[in-house]
Amino acid sequence: MALSAELKAFCRSSGADLVGIADLAPFLQQGWPTLPAGLLLPYTRAISVAVRLEDDIMDAITGHPTSEYAEHYRAANADLDRLTAEIAAWIISSGCEAEAVPASKIMDIENLLGAVSHKAIARMAGIGWQGKSLLIVSPRFGPRIRLATVMTDMPLTPDGPIKNLCGSCTECTDACPVKAIRNVTAVDRYANREEALAFGRCADRTYENSLLPGIGARICGVCVRACPHGKPRKPAG
Ligand code: B12
């Protein structure tokens, strides 16, 4: 426990707004895919870190991403990649193995997959629940966070998933400009992306956004902005 607390304190002092530890056993037991295959095999734990997104930038998003959001997105990714490199170096200097997963690198452009799903790790690390938008919704900042992961064999104490508080809320479903969100809550986790999203609509929209002047990345931000859990005045409960 003391080691986990020390690691978390280091993550916070290096700039993490949220930090949690996931047990990798369920991922290995379920044969959860990674790119390349077998990426998780040398490790037993994954550290999930999040940096928060600025409210004034998120609140300015209407139907399309703004150039300020595109800039903020790039800066947050750079912050996360620096942060996870520092965490991995800290762990390695203590004699354990560690490997950082890039914040936003797409490894398979056809199927739109990263090396490891930061959302799956974040959910199992208790950073937040996976909401109807398929985003991780944290109790403190809602989905207004960006995530990254460090895999390790350090003997850390895992955290666990937290309760899903989406309830009957339809804010992200109603806000989605391409009606991609199906308004489904998963009992445990979604079996696949299609269960939560009309995935092609979301993917096409982010591609179209990437072609807009001043954007240049597959972003949107509308469901991120809409979630009441991320707004300064949050829902009761
Ligand atoms: C490729 C990609 C995209 C693609 C595909 C998105 C997708 N849902 O897969 C496109 C371009 C469409 C996209 C869009 C967006 N993206 Co994107 N994207 C990624 C990227 C690089 C990889 C995602 C991936 O591999 N998904 C694979 C699928 C299978 O996994 P999944 O979506 O997590 O869902 C499954 C798992 O979570 C699993 N699961 C959940 N719990 C558990 C537990 C266990 C034990 C197991 C085995 C599995 C499991 O269940 C789900 C269903 O199978 C990640 C970064 C990363 N490396 O993770 C960012 C990422 C997911 N994107 C992000 C964001 C914010 C967005 C957008 C809002 C755009 C924007 N920035 O404005 C939209 C929202 C899309 C949405 N509603 O999901 C953030 C999410 C932050 C958050 N709060 O959750 C991420 C994590 C980037 C980051 N560094 O923060 N994105």
Side-chain angles (χ1 to χ4, degrees), residues 1 4-5 7-24 26-27 45-59 61 69 72-73 76-77 79-80 83-84 87 101 103-104 116-150 156-176 181-190 193 195-197 220-237:
M1 196 53 145
S4 304
L7 181 271
K8 287 179 177 179
F10 176 79
C11 294
R12 290 197 187 91
S13 72
S14 299
D17 290 308
L18 300 173
V19 54
I21 296 163
D23 184 358
L24 287 178
F27 295 91
R45 300 283 183 266
I47 300 144
S48 178
V49 286
V51 295
R52 68 173 298 191
L53 297 168
E54 295 292 335
D55 285 327
D56 54 349
I57 292 176
M58 300 318 293
D59 288 338
I61 296 172
Y69 176 49
H72 193 39
Y73 157 91
N77 289 339
D79 281 351
L80 280 166
L83 172 63
T84 53
I87 297 167
V101 181
S104 210
V116 173
S117 166
H118 295 316
K119 290 188 283 183
I121 300 289
R123 187 182 150 253
M124 297 305 279
I127 294 287
W129 67 91
Q130 194 160 27
K132 292 176 181 176
S133 60
L134 208 63
L135 295 173
I136 294 301
V137 182
S138 65
R140 204 160 148 212
F141 308 118
R144 296 179 180 205
I145 49 175
R146 289 195 68 76
L147 299 162
T149 303
V150 179
L156 299 166
T157 307
D159 299 299
I162 63 169
K163 194 172 180 286
N164 186 318
L165 297 180
C166 283
S168 58
C169 178
T170 61
E171 297 280 345
C172 63
T173 305
D174 297 341
C176 177
I181 301 171
R182 299 190 197 277
N183 201 37
V184 171
T185 296
V187 178
D188 173 24
R189 69 167 175 96
Y190 296 103
R193 298 187 285 204
E195 192 185 353
L197 298 179
C220 175
V222 177
C223 57
V224 183
R225 190 258 301 145
C227 178
H229 292 277
K231 291 187 176 165
R233 248 174 61 216
K234 297 184 188 188

All heavy atoms of A125 vs all of A22, minimum pair found to be CB-N, 3.8 Å
Taken to the nearest 0.5 Å, the spacing of S117 OG from M124 CE works out to 11.5 Å
Scanning both residues in full, the closest heavy-atom pair of Y190 with L134 reads CD1-CD1, 3.5 Å
Heavy atoms of P158 and R45 approach each other most closely as CD-NE, 3.7 Å
- request: Evaluate side chain to side chain contact (heavy atoms under 4.5 Å, CB included) for R144 paired with R225, printing each intermediate quantity in order.
  value: CA-CA 7 Å; R144 296 179 180 205; R225 190 258 301 145; 4.1 Å; yes
In short, L135 meets K119 closest at the heavy-atom pair CA-CD, 4.1 Å
TODO: Please test I145 against I127 for side chain to side chain contact (heavy atoms under 4.5 Å, CB included), starting from the C-alpha separation and ending with a verdict.
DONE: CA-CA 10 Å; I145 49 175; I127 294 287; 4.0 Å; yes
* Asked: Ignoring hydrogens and geometry, is there a side-chain-to-backbone donor-acceptor pair from K132 to C169 under 3.5 Å?
  -> yes
To the nearest 0.5 Å, atom OG1 of T173 lies from atom CZ of R182 at 11.5 Å
Residues G15 and V51: closest non-hydrogen pair is O-CG1, 3.8 Å
Tell me, with the steps shown, if V49 and L80 meet side chain to side chain contact (heavy atoms under 4.5 Å, CB included).
CA-CA 8 Å; V49 286; L80 280 166; 4.2 Å; yes
Heavy atoms of L197 and S133 approach each other most closely as CD2-O, 3.9 Å
**Message:** For a side chain to side chain contact (heavy atoms under 4.5 Å, CB included) check, start with the C-alpha distance between R146 and S104, then their side-chain angles and the critical distance, and finish with the verdict.
**Reply:** CA-CA 9 Å; R146 289 195 68 76; S104 210; 3.1 Å; yes
- Just by modelled atom types, is the E54 backbone N or O under 3.5 Å from a matching donor or acceptor in the H72 side chain? yes
Value for CG (D59) from CG (D55), rounded to nearest 0.5 Å, stands at 5.5 Å
_Any side-chain to backbone donor/acceptor pair from S4 onto T157? Under 3.5 Å, distance only._
yes
